[in-house]
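Below: the structure, in structure tokens.
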Amino acid sequence: MSRTALVTGAAGGLGRAIVARLTEDGHRVVTLDLAGDCDIVADLRDEVPDLDGIDVDICISNAAVVDTIAPAHAMSGEQWSRDIDVNLTGAFRAVQACLPGMLDRGWGRIVVVASAAAQLGLAGQVAYSASKAGLLGMVKTLAVECVGRGITANAVLPGLIATPKVLGMPDAVLERVIDELPMRRAAEPAEVASLVGYLATEQAAYITGQDVRIDGGLGLQHATLGSTR
């Protein structure tokens with residue numbers, strides 16, 4: 001069944017992949033970002049998106065910043081607030097704008113793109129990790145409030161994704177990071193988008209309040225007392 005979906009952060013690498021997946025699935029997709037060729041241009045840090053006349057059935061909260069780099073002891077208040085305002089408060093603003101209509105219609109899918117860093121932490125990015133961890137509490141609360149009302153809320157937690165921004169990192173940095181990944185590669189944006197797309201379907205109606213990792217085994221315990229051969 002065709003639904004109307006809102007995708008925030010739609011101009012980014014993962015956002016574009018999510019838009020493509022939902023469009024392929026037959027949904028009408030409304031795109032939102034700070035700039036670019038999007039249906040809605042809005043800064044979610046300080047404004048609620050104007051959805052007047054748009055009945056959003058599927059809310060994909062994907063907008064985020066990931067480039068605030070500083071150790072915890074040296075992170076400035078401005079750096080901390082930037083990540084929290086965009087990644088956590090901005091996500092809430094997008095979801096909150098969609099909720100009344102979902103509740104009225106008795107159907108909705110909320111998918112929030114968090115990060116494996118929400119559970120594993122990420123050295124040098126305490127604000128990013130904290131903002132993404134906050135999303136997990138938000139999703140579980142939304143799931144509790146909406147359970148039995150036709151609305152599900154779930155979080156997707158990617159590891160490293162091969163977006164243009166990531167692939168544009170210095171080769172030495174990218175190689176060092178990939179060497180630490182169990183699968184020795186980053187996820188393709190389409191792989192993450194496929195998971196997001198599934199959670200937006202009718203068939204995913206019994207999945208809610210979940211934190212779904214898609215990180216190529218990043219959090220697996222590799223220590224062993226025996227041989228793996």
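Numbers for residues simply follow the sequence, beginning at 1. Computed from a prediction, not measured in an experiment: that's the story for all the values here.
Of the possible donor and acceptor atoms, one in the side chain of Q210 sits under 3.5 Å from a partner among the backbone N and O of T208. Q125 places a side-chain N or O within donor-acceptor distance of the main-chain N or O of V66, the cut-off being under 3.5 Å. E175 places no side-chain N or O within 3.5 Å of a backbone atom of A172 that could act as its donor or acceptor partner. Without hydrogens or angle criteria, K132 side chain to A127 main chain gives no donor-acceptor distance under 3.5 Å.
Hydrophobic clustering, with ILVMFWY side chains joined whenever heavy atoms are under 4.5 angstrom apart, keeps V86 apart from F92. Taking hydrophobic clusters as Ile, Leu, Val, Met, Phe, Trp and Tyr residues chained together by side-chain heavy-atom distances below 4.5 Å, V166 does not share a cluster with I161. Hydrophobic cluster membership is shared by I58 and V156, with clusters built from Ile, Leu, Val, Met, Phe, Trp and Tyr side chains linked at under 4.5 angstrom.
Within a 6.0 Å radius of CG in D37, other residues, nucleotides and ligands contribute 12 heavy atoms or fewer. Atom CG of D67 has more than 12 neighbouring heavy atoms from other residues, nucleotides or ligands inside a 6.0 Å radius. Annotation for M169: atom CE counts as buried by contact number, over 12 foreign heavy atoms lying within 6.0 Å. Within 6.0 Å of atom CZ in R82, more than 12 heavy atoms from other residues, nucleotides or ligands are found, so the atom counts as buried in its surroundings.
In this structure, the side chains of Y198 and I207 come closer than 4.5 Å at one or more pairs of heavy atoms. Put simply, the side chain of V19 reaches to within 4.5 Å of the side chain of T31, judged on heavy atoms. Residues D85 and D83 are not in side-chain contact: their nearest non-hydrogen atoms beyond the backbone lie 4.5 Å or more apart. Side-chain contact between R213 and Q119: present, with at least one pair of heavy atoms (C-beta onward) separated by less than 4.5 Å. Within the 4.5 Å cutoff, the side chain of D57 has no heavy atoms near those of the M102 side chain. The shortest distance between side-chain heavy atoms of T68 and Y128 does not fall below 4.5 Å. No side-chain heavy atom of I151 sits less than 4.5 Å from a side-chain heavy atom of W107. Counting only heavy atoms from C-beta outward, the side chains of I110 and V139 never approach each other to under 4.5 Å.
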Checking D211 against K140 for the salt bridge (Lys or Arg N to Asp or Glu O under 4.0 Å) test, could you report, in this order, the C-alpha distance in whole Å, the side-chain angles of both residues, the deciding distance, and whether it holds?
CA-CA 9 Å; D211 309 330; K140 292 197 184 310; 3.4 Å; yes

What do the steps show when you test T23 against R28 for side chain to side chain contact (heavy atoms under 4.5 Å, CB included), and what is the final call?
CA-CA 6 Å; T23 301; R28 173 201 177 198; over 6 Å; no

What do the steps show when you test T4 against H27 for side chain to side chain contact (heavy atoms under 4.5 Å, CB included), and what is the final call?
CA-CA 6 Å; T4 297; H27 301 302; over 6 Å; no

Determine, step by step, whether R105 and D55 satisfy the salt bridge (Lys or Arg N to Asp or Glu O under 4.0 Å) criterion, reporting the C-alpha distance in whole Å, the side-chain angles of both residues, the deciding distance to 0.1 Å, and the verdict.
CA-CA 9 Å; R105 293 185 297 276; D55 294 328; 3.5 Å; yes

Checking side chain to side chain contact (heavy atoms under 4.5 Å, CB included) for the pair R149/L103: CA distance, chi angles, key distance, verdict?
CA-CA 7 Å; R149 306 181 73 174; L103 290 166; 3.6 Å; yes

Evaluate the side chain to side chain contact (heavy atoms under 4.5 Å, CB included) criterion for residues L122 and S115: first the C-alpha distance (whole Å), next the side-chain angles of each, then the deciding distance (0.1 Å), finally the verdict.
CA-CA 10 Å; L122 189 59; S115 167; over 6 Å; no

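For residues 2-19, the set of pairs meeting the salt bridge (Lys or Arg N to Asp or Glu O under 4.0 Å) definition, not counting sequence neighbours, comprises R3-E202.
A donor and an acceptor atom, one from each side chain of T8 and N62, are nowhere located under 3.5 Å apart.
Partner L44 forms a side chain to side chain contact (heavy atoms under 4.5 Å, CB included) with one of L32, L34, T89 and no other, that one being L32. A side chain to side chain contact (heavy atoms under 4.5 Å, CB included) with I214 is found for exactly one of L157, L195, V196, namely L195.
Atom OG of S81 is separated from atom CE of M75 by 10.5 Å, given to the nearest 0.5 angstrom. Rounding to the nearest 0.5 Å places CG of L6 at 5.5 Å from SG of C59.
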